[in-house]
Amino acid sequence: MAEIKVPFHKAAITSEEENAVLDVLRSGWLTTGKYALEFERLFSQAVGSTENSPVYSLAVNSNTSGMILAMEACGVKEGKAVITTPYTFVSTATCARHLNADVYFADIEKDSYSIDPDKIEEILKKDAENGHKVQAIVPVHIAGNLCNMERILELAKKYSSPDHKIYVIEDAAHAFPSPTKLGYAGTIGDVGVFSFYVTKTITTAEGGMVCTRSPELARRMTTMRMHGMDRTTWDRYTSPRASWEYDIIAPGYKFNLPDMLAALGCCQVKRAELFYQQRKKIVEKYNQAFSKLDFIQLPPDGEGNAWHLYLMRIIPEKLKISREEFAKKMQEAGLGISVHFIPIFHFTYWKELYPDFTAEKYPNAERQYSRTISIPLYPDMSQEAADYVIKTVTEIGKANII
């Protein structure tokens, strides 16, 4: 295997994060406590919480856990269904399956990676005729570029009724910070779920955050986050009331974020805007270089784009090699790369669950997948590293152009 000259990602960790973790270790309190509470407060502030319109933030141990909490609170269960995109990491859909719900898939737009609102409406029309099984629409902000939330919210409202609300749950794993005229991504719908996995725009190594403006949804998710208990662990051990006095009011989960990881988040969220500006400089450098190459299509861009990933799209019709061959040559040159994402219809479980779930039914998702390569992009990336990525892509393409 070739030596990695430019990694796909490198987390921006400083002595501030190191000292914060040491503070937790020395405090004697390692699980969910004051650091998690502070991280929630800081994150709410960062996504536009105000006194008149508060955002309730709940720190969790992963985006996946947060999606399960959000779906459960919104009534996703057996006999219900969610609508999402096949162009996402598989957990977006499997969370619904953990709740015994069905998943309806809508193809992405032709020229972007975002779920197509017209395809959503086709499903909603059919669902209305068959008894309103859809409980939630789950748009995914791929690479930090936002879906058409205005239209999606309109559709949810249009097909809801007094006795059947259709919720909008944003998979905002890639979308922080993402300010728009409608608000920050993750606070536009009924619930938004973020990821702080090691490669994300900020990291807690593993972890996530669930955000909502609904106090009712926040209460339900708070309860379900910790075993269905009516008291948090921090409250049990810091209030005058006996720690063993609690009630279980629902069959909950174990999805809390421990303080050691939350301490990282407290540091990272304060530098989120700096990280964004650093990524944006690399993006601008890539765009300037790749716009001159007729075998590369630039990534889609729009309001609030967090630029979590740079999805470089080759144009196979102009090349003698496929995306797979292009990617292999990049790896041989020492570049850390990835592909976001393998559409869900390629996976055995989903093909067996829904036999008619095939690539032919989702041509836009399949087309984007066949030509996309995620290239290195991270805050501390040097200009020299970016130059090497550009040089490598240019040389591979020019050597294989038709």
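Residue numbers start at 1 and run along the sequence shown. Note that this is a predicted model, so its numbers are computed, not measured. No hydrogens, no waters, no symmetry mates; every other heavy atom, side chains included, goes into these values.
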> Validate the cation-pi geometry between Arg323 and Tyr369: distance from NZ or CZ to the six-membered ring centre under 6.0 Å, angle to the ring axis within 45°.
yes

> Please tell me whether His132 and His164 form a close aromatic pair, meaning their ring centres lie under 6.0 Å apart.
yes

> Below 6.0 angstrom between ring centroids: does that apply to Tyr378 and Phe275?
no

> Check this for me: Tyr197, atom OH, are more than 12 non-hydrogen atoms of other residues, nucleotides or ligands nearer than 6.0 Å?
no

> Check whether any side-chain heavy atom of Phe290 sits under 4.5 Å from a side-chain heavy atom of Leu298, and report yes or no.
yes

> With side chain to side chain donor-acceptor pair (under 3.5 Å) as the test, would you mind laying out the steps for Glu273 and Gln277 before giving the verdict?
CA-CA 6 Å; Glu273 180 61 27; Gln277 295 300 334; 2.8 Å; yes

> Applying the side chain to side chain contact (heavy atoms under 4.5 Å, CB included) criterion to Pro376, which one of Tyr310, Tyr286, Tyr388 satisfies it?
Tyr286

> Within the structure provided, determine whether Cys74 and Val191 are in side-chain contact (heavy-atom separation under 4.5 Å).
yes

> Side chain to side chain donor-acceptor pair (under 3.5 Å) for Ser53 and Arg213? Distances and angles first, verdict last.
CA-CA 7 Å; Ser53 183; Arg213 294 187 187 274; 2.8 Å; yes

> Centroid-to-centroid, Phe196 to Phe39, below 6.0 Å?
yes

> Check whether any side-chain heavy atom of Asp111 sits under 4.5 Å from a side-chain heavy atom of Pro300, and report yes or no.
no

> Between Thr394 (side chain) and Ile390 (backbone), is there a donor-acceptor pair under 3.5 Å?
yes

> Tell me if the aromatic rings of Phe194 and Phe43 count as close, with their centers under 6.0 Å from one another.
yes

> Side chains of His308 and Thr201: any donor to acceptor distance under 3.5 Å?
no

> Could you give me the CA-CA distance, side-chain angles and deciding distance for Asn287 and Ser291, then say whether side chain to side chain donor-acceptor pair (under 3.5 Å) is met?
CA-CA 6 Å; Asn287 282 348; Ser291 64; over 6 Å; no

> Using the rule given for salt bridge (Lys or Arg N to Asp or Glu O under 4.0 Å), can you reason through Glu245 versus Arg231, listing the C-alpha separation, both sets of side-chain angles and the distance that settles it, and then say yes or no?
CA-CA 9 Å; Glu245 292 180 359; Arg231 297 177 67 192; 5.3 Å; no

> Kindly indicate whether a cation-pi arrangement holds for Lys361 with Phe357, taking the cut-offs as under 6.0 Å to the six-membered ring centre and within 45° of the axis.
no

> Counting only N and O atoms by type, is there a donor-acceptor contact under 3.5 Å from the side chain of Asn145 to the main-chain atoms of Asn305?
no

> Can we say Asp380 and Lys10 salt-bridge, meaning some charged N sits less than 4.0 Å from an Asp/Glu carboxylate O?
no

> Sort out for me which residue in Asn63, Thr64, Val193 forms a side chain to side chain contact (heavy atoms under 4.5 Å, CB included) with Cys95.
Thr64

> For Leu30 and Leu25, which heavy atoms make the closest approach, and how far apart are they?
CD2-CA, 3.8 Å

> Do His346 and Glu366 come within less than 4.5 Å of each other through their side chains, counting heavy atoms only?
yes

> How about Glu72 and Tyr253: does a side-chain donor come under 3.5 Å of a side-chain acceptor?
no

> Is Ser49 reaching over with its side chain to a backbone N or O of Val55, donor-acceptor style, under 3.5 angstrom?
yes

> Is it the case that the side chain of Asp116 and the backbone of Asp118 share a donor-acceptor pair, with hydrogens and angles ignored and the cut-off at 3.5 Å?
yes

> When you compare the side chains of Ser44 and Ser57, does any donor N or O come within less than 3.5 Å of an acceptor on the partner?
yes

> Can the ring centres of Trp350 and Phe105 be said to be less than 6.0 Å apart?
yes

> Can any side-chain N or O of Glu170 pair as donor or acceptor with the backbone N or O of His141 at less than 3.5 Å?
no

> Looking only at atom types and distance, does a side-chain atom of Thr223 sit under 3.5 Å from a main-chain N or O of Arg219, one as donor and one as acceptor?
yes

> For Lys119, look at atom NZ and say whether over 12 heavy atoms of other residues, nucleotides or ligands are found less than 6.0 Å away.
no

